[in-house]
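Chain letters run A, B, ... following the sequence lines, proteins first, then strands; residues in each count from 1. All values reported here derive from a predicted model rather than from experimental measurement.
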2 protein chains.
Amino acid sequence: MVTLRDVARAAGVSLATASRALSDAPHVSATNREQVARAAQSLGYRPHPAARALTTGSTGTVGLVVPDLANPFFAAVAKGVQARARETGREVLVADTDEDVTVEPDVITRLADRVDGLVLCSPRMSADALGDVASGGRVALVNREAPGVPSVSFDIADGVRQALDHLRALGHDAVAYVGGPRGSWSDAERRAASSALAGDALLDLGSFRPTHGGGVQAADLALAAGATAVLCFNDLVALGVLARLHARGVAIPDDVSVVGFDDVAAASLVTPALTTVAVPLARAGREAVDLLAPGGDAPHRRLPVELVVRSSTAPVAPAADRRTPRTTVPRSTDPEVVIR
Amino acid sequence: MVTLRDVARAAGVSLATASRALSDAPHVSATNREQVARAAQSLGYRPHPAARALTTGSTGTVGLVVPDLANPFFAAVAKGVQARARETGREVLVADTDEDVTVEPDVITRLADRVDGLVLCSPRMSADALGDVASGGRVALVNREAPGVPSVSFDIADGVRQALDHLRALGHDAVAYVGGPRGSWSDAERRAASSALAGDALLDLGSFRPTHGGGVQAADLALAAGATAVLCFNDLVALGVLARLHARGVAIPDDVSVVGFDDVAAASLVTPALTTVAVPLARAGREAVDLLAPGGDAPHRRLPVELVVRSSTAPVAPAADRRTPRTTVPRSTDPEVVIR
DNA sequence: TTGTAGGCGTTATCAG
DNA sequence: CTGATAACGCCTACAA
């Protein structure tokens, strides 16, 4: 391995001068600066990260904690974090909690010592615990807000409003809400917004796992409740609703309209393409790493969202025109079912 | 910050003893060992990673380079890497090349100095370049093989065989292959296998981008070629094929059968559910981090794959029964289209 | 078994 | 402007 010592020797200067030259600090003659640069170049010198970290106290890496890397929502945020970190010359250390709240503190501590700052995406832990963590060093939240901790979240209330306005404009008066996990910050936001906007007009179907399966489960409830439109916690759930409604013989969007949240890649690829509230995931990731910079207080950035209307929503059909859902649904592994 | 020095002082022993005690090295009296442990515990001592790295030369982190974190294939591998690293007490530093071959070397060098080992997933760079990189330190490949470099890949040939056998058993004789990117190692594997197995009986549709869009494009070609079954480079492509065939009014699996590769999550959620070759992605990630251990030579592990038959494949229909594809396809944003 | 001391590669402080 | 030199926190011969 080639050290700064080697470079200094090759350039015929002292260690100190070499160091200053390379970190283009002031007080270095132009000639020396160049000598050193040349020597470093030709020797292929690369500063030792650990040594640098030891003296400066800065590691040049940011940490990222997500519940599940395989979830497209978090993957998108991770891409943003990664991209911004790279642009600013930092590396990113990721940790996946596997959706397990109880490991969050452990994961965070393990990472904390190795990074300059920590981006916590959708942490499930309590606001208090979050406060403690944040007091230990620079932390930024994504898709979660907590007092005293910088965060970048989304204007969920506005997203709900856009979705509801859209549905109302199409004539839907019986719209159901498929909730996300209890205790989830972003579900609370959606609920608060929707009840403020629609009040009792909204059929609350309850809380579901934020997965395809959760949507399947919710779809039957929506049907039983006589909903003509369904607003879902996220796209994965919406996809599950779509699949189940289809299996039960209800036409989308003719018989019922479905709206998702997030605008994950799959939303636009599915048939019918999903109407959903697009959320700037990657941008959130990028901004979060910028919030890690020591700048002053704890800003709460709220990114704008936008309803993208695709094919899963349409004007309400008169009740008489709606097919009645099948009560028996064929096994999904049976090829016969899936003909369309 | 609490250092080893503090712990030693609190325990009433020297630095060296404290160090030995904590790394449970031999030659430490039981009492001292316990004293130190207690002190460390109560002070909340955590060894400084950089300092440790500086002396030991080992960072306790593994690097992971993937083309695209948002691609479910790579996300699954990343989860495996992450899980295994965590189990073995290491952290993972990820880098996303954004599918850009030209940045691979740069990304790799930047990471190399900060990690004990590097997992390269589906690198696009040349075998030679790969060899150079690997010579610089411990490297393991995933979904790619190169002489002299440890790797874990998949038994692609067997996957192709299983898919082709399945299709043949269903009576398909006109099966088309939708290829992946030129120069891709795994596409080369598929091609080699399929031509060895089916020879001219297989209609080679050419190379396509390994995305939904690539599949859309390929679908029309498959129709024009009169294929009754389509084998795709991966699931994303297969999903594109499905969507396009559907849009053109051809029934799946009645009119044409479609097979994917990878068994990404979306494959089982879509309607009709996709028949595909399941590949142990997470396991590959895990095994790759195990290959990073200094053990001897350069093993090439080849993981078994398995065809999972779902609803996108069925026996060939007599030609007379097949609908003729639409020649005009409605805009995908038109809700009318997507009724099913 | 224990402690002392040197060194890992850098940066930063201080005299020159 | 430059060069010794002292940290940074930890590990590990080596000596006691």
Whole angstrom value for the distance that separates P of C:dT4 from CZ of B:Arg5: 11 Å
Proximity to DNA chain D (any heavy atom under 4.0 Å), residues of residues 35-50 of chain A only: none
DNA chain D contacts made by residues 11-29 of chain A, counting heavy atoms under 4.0 Å: A:Val13, A:Ser14, A:Ala16, A:Thr17, A:Arg20, A:His27, A:Val28, A:Ser29
Side-chain donor/acceptor of A:Asp100 to backbone N/O of A:Thr97, under 3.5 Å: no
Interatomic spacing from CG in A:Asn71 to CD in A:Glu99 - rounded to 0.5 Å: 6.5 Å
A:Arg114 CZ to D:dG9 C1', straight-line distance once rounded to whole Å: 14 Å
Phosphate-side-chain proximity, B:Asn32 and C:dT2, N/O vs OP1/OP2 below 4.0 Å: yes
Whole angstrom value for the distance that separates P of C:dT2 from CZ of B:Arg9: 19 Å
Backbone of A:Ile156 reached by a side-chain donor or acceptor of A:Glu189 within 3.5 Å: no
From CG (B:Leu141) to CG (B:Leu120), nearest 0.5 Å: 6.0 Å
Sugar-phosphate only, base, or nothing, as touched by B:Leu4 at under 4.0 Å among non-hydrogen atoms: sugar-phosphate
Any A:Val13 side-chain heavy atom under 4.5 Å of A:Val36 side chain: yes
Partners passing side-chain hydrogen bond (donor to acceptor under 3.5 Å, both in side chains) against A:Arg283 (at least two apart in sequence or in another chain): A:Glu287
Side-chain H-bond candidate by donor/acceptor type, B:Thr56 with B:Ser58, under 3.5 Å: no
Interatomic distance where CG belongs to A:Leu54 and P belongs to D:dA6 [whole Å]: 17 Å
Side chain proximity check, B:Ser122 to B:Asn143, heavy atoms < 4.5 angstrom: yes
Whole angstrom value for the distance that separates C1' of C:dG9 from CG of B:Asp113: 12 Å
